[in-house]
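The sequence lines fix the lettering, A, B, ..., with proteins before strands; numbering per chain opens at 1. What you see below is based on every heavy atom in this structure, not just the backbone, and it leaves out hydrogens, waters and symmetry mates. Please read all numbers here as calculations on a predicted model, not as lab measurements.
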Amino acid sequence: RPPCSMDPALSVVRLAVQEAVHILSSSEDGGHILSTLASLKRYLSDTENSALSGEKEEFATVHFSTLLRSLASKLSPDWLELLPGGRLEALWASFFLEGPADQAFLVLMETIEGTAGPSFRLMKMAQLLARFLREGRMAALMEAQCQQQMRPSFPVLREMLLSKVVGLPDHLGNRLQRENLPEFLPQNYFPLLSEEVLRVLQAAVDSLQGGLDCSISFLSQVLGKVCMHGRQQETLDVLVPQLTTLTNSSCLWQRVCWRLVEQVPDRALEAMLTGMVEAASGPEVLSRLLGNLVVKNKKAQFVMTRKLLFLQYRYTTPMLQSLLGYLAMDSQRRPLLVQVLKELLETWGSSSAIRHTPLPQQCYISKAILICLAHLGGPELQDSRDELLASMMAGVKCRLDSSLPAVRRLGMIVAEVVSSHLHPEGPPLKFQYEEDELSLELLALGNPRLMGDSASEAGGPSLAPATTETPTETPAETMDSKVLRAQPEGSDSEVDSDDEFIPYDMSGDKELKNSKAPAYVRDCMEALTMSEDSERWEAALRALEGLICRSPEATREVSVELAKVLLHLEERTCVAGFEGLRQRALVAVTVTDPAQVAEYLTSQFYALNYSLRQRMDILDVLTLAAQELSRPGRLKRAPQHSHPGTGTCCLLPLATAQPGSTAAPDWRVVVEERIRSKTRRLSKGAPRMGAAGSPNGFNSVAGYFFFPLIQHFDRPLLTFDLLGDDQLVLGRLTHTLGALMYLAANTTVAVPMGKALLEFTWALRFHVDTYVRQGLLSATSSVLLSVPAQRLLEDMPDELLEARSWLADVAEKDPDEDCRMLAVKALLLLEKLKDKLLTSS
Amino acid sequence: SALPSMATPLPPPAPDPQFVLRGTQSPVHALHFSRGAQAQGCLLLFSGSQSGLVHIWNLQTRRTAATLDGHGGQCVTWLQMLPQGHQLLSQGRDMKLCLWDLAEGRSAVVDSIHLESVGFCRSAILTGGWPHWTLAVPGKGSDEVQILEMPSKTSVCTLKPDADAKLGMPMCLGLWQARSSPRPLLLAGYEDGSVALWDISERKMCSHVTCHEEPVMGLDFDPQQARGISGSAGKALAVWNLDRQQALKVHGTHRLTNPGVAEVTIRPDYKILATAGWDHRIRVFHWRTMKPLAVLAFHSATVQCVAFAPNGLLAAGSKDQRISVWSLYPP
């Protein structure tokens, strides 16, 4: 009701307030001021001599804020001293703490913002605001707003209140700076606000119980705005556990809670829902707090079924379990879960998504798929079985083609679980993969029984490791008796304890090999090609590397022939470490006669009728041999002739990297290490040191290794297409070329090599395969490290500029994290190069 | 369980021999410890070599005290001292069993028995009724064992398995007499991998058990626990026991890394046992539990024999012409 100025009773209030404001502004008489103010108190209080309700209302709606402003403006030490004992101050404060909370709050905030600080007045007002908060006036404020909702409201005022309530810590922090009070810090204020919200909710529940309607939309707005300000955690950590308990015992509370979340404005829904999913300890809790919000509200549905699953991937597995479990818990929501699963699998199976999404996101989607499957039963999947199967097959195919082991493994695990759910009766699909932490976690997610058990409210969905490994008995020397350890019955022998018989180390107790090892390289070769005796064959293979090291002259006579034998050697019987033995022998023969053997091997790399395995072996051997040549002893070769008995020169650690494993080969680590060390050294401003000047045995032969490999990559053969299906080998080739480039540092051939490699890189820079791109990037770094800076600038300035813009692009946009990192490192090297040239010129 | 727990400290490295005796200049095929009577209780080690010589080693000086040549250059396969301390039995591939008198520095053959088998089987003696003693030797027929009453060399009996049993040759022998019974018993390991128990007085086979797939190469018996062990040309050791009905039962087998055991010997205190391996290694086990205790890889060729001294010293003779002497788990 707009106040009517003609009403005589109301003009009494107006006169009283005008007089009081006048006295406040002019009087120096403390007693007079006190009595005037005290007389106004009757408009606020509920005592017997209080004013008429009409008068009270006029005072509250029309005059209260005027009075508060003039009260606030009078605040000064002198004014408060007008009466002794702080009587004036107490009365002054009581107006703010007892009057309508919304106006008091707004005047307090307004005054604080309008007061220059630091000052007496500012601090007094801030302390008053803190008291206001402590005395629970925020609850009064919000409750009043809720009640007003029943009546015509003032949207502008509400909006202002909302922003001040939520923005209080920011405003106070700005104003008070270092003088800020602890009450206003976000970590204290928002929990307090949450407690106040709970009190108002309690009041709403009480009034509902009393049969009265009430609105809580202001609370929803507060909650939404708080979440939008990014204060979900401080708020919901208080709110959610309490609501969890309260909604458990009362369906009235549950209704109130559902209403609370439903009325959160759409634009704040995402912030609120993510906060809820994060704070809720499981799907049951989420279901109780949110009800069917996701069905009722389109925006909520979008957030829950698309945004949190497809557009973001930062949430933890328990959160995913809560979210998808929530969808699964109600019959109205379950169709959404089926839909989600379809869409997830569709994304999972899309080849472009595989190429362009980072690995963590792929993991995230895979986890979501497995969780969905754990919730969905066979009948629900029946209708969309073909669709799901088609998506899965597409995804598996793309993933198995990938050159990244983690992507392949993801494909295998998801395919296994999906197929077992779609065809529970059929023979299970089973891949071979190494079990690591991630794969175990994924498999556990796909297990419905565990899902049901783990989603408990109290502890939250604990990811109890599904397969706690039971130690399997692996008796080395088995005693297949039942009772040998038992004391013989009726024996009169004293009980001797085992303790005095501590076994000695018996690890050396291996099977004895017949000593049929040939003593000459030629004999070895003969044994490997001709011998029918598998023991002699194995002995020859084991002896070969040692023999090559000890007799380089004899080896050179047959080097190419020997390399040929080894390259084509196939494992006849099961020989432990066959691959390693063969590789080490090949490396040894390459090191002994580099030009001839490298020429042979590189020519075979592009020859017809080799398996991918053999081609990759060639690349590995070339890298290892180049490494050995460039830094003799780097591979920790035992001094020659020193161990004729054992006859093994150990190649470490490079050769131990299993051939074929796409794990980053050792030299890449070396390159990265070197980049790092260089960067650090330069940033300290210390003089740059060239690589150690030991003679590089790779110098004279680097060309034999490098150029034949780089020349033919774009000419597909009938059986071998590097730019087509055989991208795994292309990835290996790029890495190998990078390594050869790096190892050719300080050689004369480094400049033409670098030029060729930059051209090669340029041609392939947009390759879709991550592993290839990684190879190209580290190859670029190798060029920058190995070619002298002066020559780089003089001989290939254009290539450098092109590389620079490409690197910048990759560093920013590449979906793969490793690629981005490698690009940044290469850019850093370019920067250092520039600095160096600038300082030297 | 036999699994080592994570907390178990690393096992100590395998020990080295206490000392090594070199100088036989020929593979060593037989070893025997004895406390020489004439040398004031000083411990002697007798070794028999492929070249037919018997070396007597003084373990204090670690040198040969004497060499006996009585087998015409043929391999000496078995050595045994008689209880009174100055008479040594040696068996050779020249089909002769010699009795040496070593008293007062003598080294003369005082008696010899012509054996009728050229096989690998080592003889055995039982000295319960000294000065009368019993000798078991491989017999004339290829599957026979002959029992002689000594020193009269009277043939007591010939133990021959049933014709259809097809046990093959006897490969190793063990004579023993239970404390409670006056009847001497013979344990024999056969070519077919079985071990048989014979009652000599009744001349019958009491029990027979197949415990190996390959010929039995050596056996030893612990009368306290009525339990024995045998090793074969195969990859397993077999532990068997004898119940009150005098029936042999396989108690358990123990797989070895490499095949071939030339001899198995239990230490006189029945705490540990040692095997001579064709894989050049000596293996030591705890006798009661058969827990492996050590694998001694010192020799560079087949170990042919192992022997324990009364004081616990272990000696092993190898084809590499060396005798290694070890002190493990002193009693």
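If you measure heavy-atom distances from B:Leu296 to chain A, you find no contacts under 4.5 Å at all. Interface remark: B:Pro259 contributes no atoms to any contact with chain A (heavy atom separation under 4.5 Å). If you measure heavy-atom distances from B:Pro12 to chain A, the contacts under 4.5 Å come from both the backbone and the side chain. Only the side chain of B:Ile272 comes within less than 4.5 Å of a heavy atom of chain A; its backbone N, CA, C and O stay farther away.
Looking only at heavy-atom pairs under 4.5 Å with chain A, the residue among B:Ala236, B:Ala226, B:Ala294 that has the most is B:Ala294.
Geometric assessment of A:Arg409 against the ring of A:Tyr433 yields a negative cation-pi assignment under the 6.0 Å and 45° thresholds.
Side-chain atoms of B:Leu126 and B:Gln177, non-hydrogen and from C-beta on, do get closer than 4.5 Å to each other.
Electrostatic pairing of A:Arg522 and A:Glu526 does not count as a salt bridge here, judged by no charged N lying under 4.0 Å from a carboxylate O.
Across B:Phe285, B:Tyr329, B:Trp326, a single residue satisfies ring-ring contact (aromatic ring centres under 6.0 Å, His included) together with A:Tyr504, and that is B:Tyr329.
Nearest heavy-atom pair, B:Cys206 versus B:Asp199, reported as atom, atom and distance to 0.1 Å: SG-CB, 3.5 Å.
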